[in-house]
Structure formats: C-alpha cells, structure tokens
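Remarks on the structure that follows.
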Amino acid sequence: MEEVSLAANERLPHCWDVTSDSLAAWVAMRWPAERLILLKSVDLPDAQKHEPESLVKAGLIDSFFPQLANSIPAIEWINLRREGEIAWGLLNR
C-alpha cells in the first residue's frame with residue numbers, strides 16, 4: 001500500500017527522526033509480519049530489559065521507532081559485524 005493513500009495518522013513523518021529502523025518497523029507493521037529483525041553493526045547493550053527509549057538515548061535506534069515497536073509481535077537485533085558468529089538479542093517492549 002502506498003503511503004500517500006493512507007490516513008495522516010498512518011504515515012511516517014518526513015524528518016530525520018525516521019531512519020531505516022522506523023521504515024522497517026512501519027513495513028513490518030503494515031505487512032503484518034510476525035517479527036522484525038534489525039540488522040546492526042553493534043551488539044545490543046547488556047541489560048536485563050532493553051526498552052526502545054533507552055536505545056534511542058544511546059543513539060542506537062531513531063527516535064520515532066518506539067512509537068511503532070508495540071505494534072510488532074517480536075523484534076530481534078543482530079550484529080552483523082561479528083567475525084565468525086552473529087550476535088543477536090531480543091528487544092523487549
């Protein structure tokens with residue numbers, strides 16, 4: 001579905017608060033997908049619980065992403081820069 005045919009509250013804002021993370025989340029939400037896998041170049045920080053807002057503050061995801069995260073059943077984080085292994089984690093919401 002083209003974004004222009006959606007209601008204003010279903011569209012992504014056209015600003016720097018939206019990057020590929022939010023674009024991927026929006027597509028996963030509209031699909032609807034069972035899970036979203038974020039392909040990153042860093043490990044998910046060690047913590048018991050990873051809240052999207054804390055990852056925004058750390059500069060690891062864009063600031064619009066938390067508004068979409070609750071609409072996606074599962075979100076995974078994979079660090080593709082690990083040599084010989086793939087480090088992954090689950091993002092809690």
Side-chain angles (χ1 to χ4, degrees):
M1 174 177 283
E2 289 186 36
E3 187 185 27
V4 293
S5 66
L6 298 173
N9 64 342
E10 295 177 317
R11 296 180 194 159
L12 288 171
H14 295 199
C15 64
W16 289 111
D17 293 338
V18 175
T19 66
S20 59
D21 295 332
S22 286
L23 290 171
W26 186 84
V27 169
M29 190 177 77
R30 301 292 306 166
W31 188 266
E34 294 179 11
R35 78 175 79 168
L36 170 64
I37 301 173
L38 296 175
L39 304 176
K40 298 299 210 166
S41 60
V42 297
D43 286 338
L44 187 61
D46 291 332
Q48 290 293 90
K49 192 171 184 184
H50 306 289
E51 296 293 337
E53 292 79 12
S54 66
L55 297 174
V56 169
K57 289 179 186 172
L60 299 173
I61 58 175
D62 67 63
S63 61
F64 193 76
F65 187 87
Q67 295 179 53
L68 303 172
N70 288 332
S71 299
I72 301 165
I75 300 172
E76 296 178 13
W77 180 288
I78 297 178
N79 179 1
L80 294 177
R81 290 203 179 200
R82 287 267 187 129
E83 285 191 39
E85 65 178 286
I86 295 176
W88 70 276
L90 187 63
L91 181 66
N92 298 318
R93 300 171 321 269

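Values in this document were obtained by computation on a predicted structure and should not be read as measured data.
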Sub-4.5 Å side-chain heavy-atom contact between V56 and I61: yes
dist S63:OG -> E53:CD (nearest 0.5 Å) comes out at 11.0 Å
Side chain to side chain contact (heavy atoms under 4.5 Å, CB included) filter on S20, not counting sequence neighbours, yields none
Would D17 and D62 satisfy side-chain contact (heavy atoms from CB on, under 4.5 Å), going step by step from the backbone distance to the final call? CA-CA 6 Å; D17 293 338; D62 67 63; 5.7 Å; no
Shortest non-hydrogen contact from S41 toward N79: C-OD1, 3.3 Å
Look up atom CD1 in I75 and atom CG in N70, then write down how far apart they are to the nearest 0.5 Å. 8.0 Å
With rounding to the nearest 0.5 angstrom, report the CD1 to CZ distance, I72 to R35. 13.0 Å
Please tell me if the side chains of L55 and L44 come closer than 4.5 Å, counting only heavy atoms from C-beta onward. yes
Excluding sequence neighbours, so at least two apart, what forms side chain to side chain contact (heavy atoms under 4.5 Å, CB included) with A24? L36
Do P45 and L60 make a side-chain contact, defined as non-hydrogen atoms from C-beta onward lying under 4.5 Å apart? yes
Can you give me the closest heavy-atom contact between P73 and A33, atom names plus distance? CD-O, 3.6 Å
State which residues pass side chain to side chain contact (heavy atoms under 4.5 Å, CB included) with L23; sequence neighbours excluded, sorted by chain then number. L12, V18
To the nearest 0.5 angstrom, please state how far the CH2 atom of W77 sits from the CG atom of D43. 9.5 Å
Looking only at heavy atoms, the pair that brings F65 and A25 closest together is CE1-CB, 3.7 Å
